[in-house]
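This report concerns only the one structure given below.
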Amino acid sequence: MAPSDERRAATAGSGGVQSLERAFDLLERMADAGGVIGLSELASTSGLPLPTIHRLMRTLVACGYVRQQPNRRYALGPRLIRLGESAARPLATWARPHLARLVEETGETANMALLDGDEAVYVAQVPSRHSMRMFTEVGRRVQPHATGVGKALLTQRSDTEVRALLARTGMPAATDRTLTDADALIGELAAAREAGYAVDDNEQEIGVRCIAVPVPDSPTPAAISVSGPAGRITDESTATVVPLLREVARDLAASLAANQPA
């Protein structure tokens, strides 16, 4: 079952307001579809009658959470950006002490990213103290196929979901090392799931390597990473970095769980 489907199942029969549950379900289905979708697609995936969907979407459009495009399809609206940014701030606050531990023990830059629609967005970073270091602006959005955190995030999705995402975004090359073939990426993700970590080997930026792991049981798909010059993030260092990343990811997951409402 996909993470979004698990969330929907968890809310079913929860005693909440049905119209609210349905509205949020539609928003999540839009996000799963890359942020743009038609009424017929929503009807086929949600099982709701078209009149019900149309009424809910009209309300979401009026509130600014959805906008209707000239081709009559619906897209996620700008008011969601403010909500997303506000939601990311406490995540970043809880993550920083854990990222700081990674920097302390590896000497390299540590990052946290979330999967937002079809993109990986960096929400927290603690930089290395080295003068030569990797730097990514918090808030930066990247396509996940070319980054370590992006691949770690994609390991939490099924192959079918990953292929659908790639069909929407394409696989542009950031460097000559970037994977641009869907089958090759699917194979690498399978290996990453088995190994428990993902690697960006000069694929986003020449001279930079990244090792990343997913954060288990995160309320939204999340990953953390250690990044730095390829001369320091070597195959040999992976043996010590990966166990540390996994331990920190578990600690971060526990911190996030402790701060979730009961």
Short side-chain to backbone donor-acceptor contact, Ser218 and Val215, under 3.5 Å = no

ask   = Hey, what do you get for CZ (Arg232) to OG1 (Thr106), rounding to the nearest 0.5 Å?
value = 9.5 Å

message = Under the criterion salt bridge (Lys or Arg N to Asp or Glu O under 4.0 Å), I'd like the reasoning laid out for Arg141 against Asp118: C-alpha separation, chi angles, the key distance, then a yes or no.
response = CA-CA 10 Å; Arg141 293 174 173 271; Asp118 289 345; over 6 Å; no

ask   = Salt bridge check: are Arg140 and Glu119 linked by an N-O gap of less than 4.0 Å?
value = no

message = Can you confirm whether Thr59 sits close enough to Val66 that some side-chain heavy atom of one is under 4.5 Å from a side-chain heavy atom of the other?
response = no

message = Could you tell me if the side chain of His54 sits less than 4.5 Å from the side chain of Leu39, heavy atoms only?
response = yes

message = Treating Thr175 as the side-chain partner and Asn202 as the backbone partner, does any N or O pair qualify as donor plus acceptor under 3.5 Å?
response = yes

query = Does any non-hydrogen side-chain atom of Val103 lie less than 4.5 Å from one of Thr109?
reply = no

key: Euclidean distance, Leu244 CG relative to Arg101 CZ, rounded to 0.5 Å   = 5.5 Å

key: Gln69 atom CD, neighbour heavy-atom count above 12 within 6.0 Å   = yes

query = For the atom pair CD1 (Ile224) and CG (Leu245), what is the distance rounded to the nearest 0.5 Å?
reply = 5.5 Å

ask   = More than 12 heavy atoms of other residues, nucleotides or ligands under 6.0 Å from CD of Glu104: is that the case?
value = no

key: Residues, nucleotides or ligands: over 12 heavy atoms within 6.0 Å of Tyr74 OH   = yes

ask   = Do the side chains of Ile53 and Ser46 get nearer than 4.5 Å, heavy atoms only?
value = yes

remark   = Closest non-hydrogen atoms of Ala249 and Pro214, given as atom of the first, atom of the second and distance, are CB-O, 3.8 Å

query = Quick one: do Ile37 and Leu60 end up in the same hydrophobic cluster if we chain Ile, Leu, Val, Met, Phe, Trp and Tyr together by side-chain heavy atoms under 4.5 Å apart?
reply = yes

message = Please find the pair of heavy atoms, one from Tyr65 and one from Leu27, that lie closest to each other, and give the distance.
response = O-CD2, 4.2 Å

ask   = Side-chain contact, heavy-atom cut-off 4.5 Å: Leu115 with Arg157?
value = yes

request  = May I ask whether Leu48 and Met30 are part of the same hydrophobic cluster, defined by side-chain heavy atoms of I, L, V, M, F, W, Y residues being less than 4.5 angstrom apart, directly or through others?
outcome  = yes

query = Should Val213 and Trp94 be regarded as members of a common hydrophobic cluster, given that ILVMFWY residues are connected when their side-chain heavy atoms come within less than 4.5 Å of each other, either directly or indirectly?
reply = yes

Under 3.5 Å donor-acceptor, Arg79 side chain and Cys63 backbone = yes

inquiry  = What verdict does the side-chain contact (heavy atoms from CB on, under 4.5 Å) test give for Ile211 and Val242, after you've listed the backbone C-alpha separation in whole Å, the side-chain angles of each residue and the deciding distance to 0.1 Å?
reply    = CA-CA 7 Å; Ile211 303 172; Val242 169; 3.9 Å; yes

ask   = Any sub-3.5 Å donor-acceptor pair from Thr45's side-chain atoms to Glu41's backbone N or O?
value = yes

key: From OG (Ser225) to OH (Tyr122), nearest 0.5 Å   = 6.0 Å

inquiry  = Nearest 0.5 Å, please: how far is CE in Met171 from CG in Leu185?
reply    = 4.5 Å

ask   = Hey, mind stepping through Arg177 and Asp201 against salt bridge (Lys or Arg N to Asp or Glu O under 4.0 Å) and telling me if it holds?
value = CA-CA 7 Å; Arg177 301 287 294 274; Asp201 187 3; 3.1 Å; yes

inquiry  = When you measure from the side chain of Thr234 to the backbone of Ala230, do you find a donor-acceptor pair of N or O atoms at a distance under 3.5 Å?
reply    = no

ask   = Side chain of Glu161, backbone of Ser158: donor and acceptor closer than 3.5 Å?
value = yes

query = Considering all heavy atoms of both residues, which atom of Leu99 and which atom of Met112 are nearest to each other, and what is their separation?
reply = CD1-N, 4.1 Å

inquiry  = For Gly107, is there any backbone N or O sitting under 3.5 Å from a side-chain donor or acceptor partner on Ser128?
reply    = yes

query = With distance as the sole test, does Thr178 use its side chain to make a donor-acceptor pair with the main-chain N or O of Glu203 at under 3.5 Å?
reply = yes

ask   = Would a 4.5 Å heavy-atom cut-off, applied to side chains only, mark Val241 and Tyr197 as touching?
value = no

inquiry  = Restricting to non-hydrogen atoms, name the atom on Ser227 and the atom on Glu108 that form the minimum distance, rounded to 0.1 Å.
reply    = O-CB, 3.5 Å

remark   = Minimal heavy-atom distance between Thr180 and Ala173, with the atoms involved, is CG2-CB, 3.8 Å

task = In sequence, state the C-alpha distance, the side-chain angles, and the governing distance for Asp159 and Arg193, and then conclude on salt bridge (Lys or Arg N to Asp or Glu O under 4.0 Å).
result = CA-CA 12 Å; Asp159 289 351; Arg193 290 186 192 100; 3.5 Å; yes

query = Atom CZ in Arg29, atom OG in Ser44: separation rounded to 0.5 Å?
reply = 9.0 Å

key: Leu189 backbone acceptor or donor facing Lys151 side chain under 3.5 Å   = no

request  = Say whether, by atom type as modelled, one donor and one acceptor occur between the side chain of His145 and the main chain of Pro172 under 3.5 angstrom.
outcome  = yes

inquiry  = Check this for me, if you would: do Asp251 and Arg246 make a salt bridge, where the nitrogen-to-carboxylate-oxygen distance has to be below 4.0 angstrom?
reply    = no

ask   = Any side-chain heavy-atom pair from Asp235 and Arg209 closer than 4.5 angstrom?
value = yes

Stepwise side-chain contact (heavy atoms from CB on, under 4.5 Å) check, Leu165 with Leu154 = CA-CA 10 Å; Leu165 182 153; Leu154 291 182; 4.1 Å; yes

message = Using the rule given for side-chain contact (heavy atoms from CB on, under 4.5 Å), can you reason through Leu42 versus Leu26, listing the C-alpha separation, both sets of side-chain angles and the distance that settles it, and then say yes or no?
response = CA-CA 7 Å; Leu42 281 173; Leu26 293 179; 4.0 Å; yes

query = Would you say Val199 and Leu153 are hydrophobically clustered, going by side-chain heavy atoms of ILVMFWY under 4.5 Å?
reply = no

ask   = Taking all atoms of both residues into account, what is the closest heavy-atom pair of Leu252 and His98, and its distance?
value = CD1-CD2, 3.7 Å

request  = I would like to know whether Val61 and Arg67 meet side-chain contact (heavy atoms from CB on, under 4.5 Å); could you show each step before the answer?
outcome  = CA-CA 5 Å; Val61 168; Arg67 56 188 173 86; 5.8 Å; no

message = Under 4.5 Å between side-chain heavy atoms, counting indirect links through other Ile/Leu/Val/Met/Phe/Trp/Tyr residues: same cluster for Val126 and Val121 or not?
response = yes

